[in-house]
Amino acid sequence: MRIDKLLADAGYGTRSELKKALKKGVVYVDEQQVKDPKTRVNPNQRITFKGIQVHYQEHVYLMLNKPKGVISATKDRVHQTVIDLIAKEWGHMDVFPIGRLDKDTEGLLLLTTDGGFSHDLMSPKKHVRKTYRALVEGSVTEEDIASFRQGVKLADGYVTKTAQLKVEKVDEKQSIITVEITEGKYHQVKRMFEAVGKRVIELERLQIGGLKLDQTLKRGEFRELSEEEIECTKNG
Ligand code: URA
């Protein structure tokens, strides 16, 4: 690929800024000064910019601890988006969220530039597990657990696939539960509880495939996934 494209993708500036930087002689490829922006390079070569080694990566894979009030979209004219949260560091790459969490849902959201990775996680054929924790109005019962296991009929008539519902804490007013589903229908968890006559007050995603939300990330914080995490997300 062209050196100016590689450096632009790696976040070193716009093509026109890089043209000027290259002209100044601050870029070296395998110890050779490169001034022509059209020079073709291989990302495995040793490339330095102002003496610092450039780490080029084709794709980025991020885990975000999504806060409430932020939209899972690349653009929104009114609300802050998940892309706004990562833009300072990754705005130079075409990062997009993998699927959606509702505006008021928190927790694990993955973002990437890799369309294939996203497709594999989103494909209904792959049945990727997603685990949520919710605060639910009312007492979740053994009957609800059985209904979720069997599949519940949503308001639009769709019958959900089997879901594992576990109660962590319950009193007569509210319940804290975890639920594992293998689908990603619109408002799925909230609608499943509506189907059994209950209301989700708060919702947080904890896990996708084999990947758990890093509990050291505060709401709104993000980090890159490790190689192992990318693999275990696909294979989990
Ligand atoms: N189910 C929901 O109802 N909302 C989400 O954001 C995710 C799953």
Side-chain angles (χ1 to χ4, degrees), residues 62-76 78-86 95-112 117-140 144-145 147-168 174-215 217-222 233 236:
L62 303 174
M63 164 193 298
L64 168 72
N65 187 346
K66 180 192 169 299
K68 284 183 190 169
V70 177
I71 308 275
S72 302
T74 49
K75 277 192 196 116
D76 192 276
V78 180
H79 300 101
Q80 190 178 34
T81 71
V82 290
I83 300 301
D84 295 330
L85 296 177
I86 59 132
V95 180
F96 59 88
I98 303 180
R100 284 168 182 272
L101 287 179
D102 297 336
K103 187 176 159 205
D104 60 354
T105 301
E106 306 174 295
L108 179 58
L109 184 73
L110 297 178
L111 300 107
T112 189
F117 179 71
S118 169
H119 177 267
D120 282 353
L121 286 184
M122 295 295 294
S123 165
K125 288 185 201 136
K126 305 269 170 158
H127 311 293
V128 175
R129 290 177 292 134
K130 280 148 286 206
T131 307
Y132 296 83
R133 180 185 289 131
L135 176 65
V136 177
E137 203 173 66
S139 317
V140 171
D144 297 331
I145 294 174
S147 302
F148 272 46
R149 194 181 310 118
Q150 248 191 336
V152 294
K153 197 173 195 178
L154 303 182
D156 62 5
Y158 176 78
V159 178
T160 59
K161 297 212 161 55
T162 182
Q164 307 309 314
L165 175 57
K166 288 185 188 149
V167 178
E168 285 190 356
Q174 55 190 35
S175 316
I176 297 174
I177 60 89
T178 59
V179 62
E180 184 186 292
I181 59 176
T182 56
E183 309 172 275
K185 304 270 177 232
Y186 180 65
H187 291 335
Q188 176 146 355
V189 175
K190 292 174 187 164
R191 288 162 73 213
M192 286 176 79
F193 277 99
E194 275 162 25
V196 294
K198 300 205 162 62
R199 189 172 73 87
V200 171
I201 305 167
E202 281 180 9
L203 187 61
E204 176 188 18
R205 183 155 62 192
L206 301 176
Q207 188 165 346
I208 300 173
L211 181 72
K212 291 195 171 107
L213 175 64
D214 179 343
Q215 296 293 338
L217 289 177
K218 300 200 182 83
R219 299 278 185 230
E221 287 185 345
F222 59 91
T233 309

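Both counts, for ligands and for their atoms, begin at 1 and track the order of listing.
Counting atoms of ligand 1 from 1 in the listed order, those under 4.0 Å from a heavy atom of Leu203 are 1 (N), 2 (C), 3 (O), 4 (N), 5 (C). Which parts of ligand 1 touch Tyr132 is read off a 4.0 Å heavy-atom cut-off, strictly below it: atoms 7 (C), 8 (C).
Considering every non-hydrogen atom in both Gly220 and Leu64, the closest pair reads O-CD1, 3.8 Å. In this structure, Tyr186 and Arg191 approach most closely via the heavy-atom pair O-NH1, 2.7 Å.
Considering each of Leu101, Val189, Thr105, the one bringing a non-hydrogen atom nearest atom 1 (N) of ligand 1 is Val189.
Between His187 and ligand 1, an N or O atom pair is found at a separation short of 3.5 Å.
Judged purely by atom type and a 3.5 angstrom limit, Lys66 has no side-chain atom pairing as donor or acceptor with the backbone of Leu110. Under the 3.5 Å distance criterion, the side-chain polar atoms of Glu194 are left unmatched by any main-chain donor or acceptor of Ala155.
Partners of Arg133 under the salt bridge (charged side-chain N to carboxylate O under 4.0 Å, His left out) rule, at least two apart in sequence or in another chain, are Glu168, Glu204.
At the top of the distance list for atom 5 (C) of ligand 1, counting protein heavy atoms only, stands Asp102 OD2, 3.4 Å.
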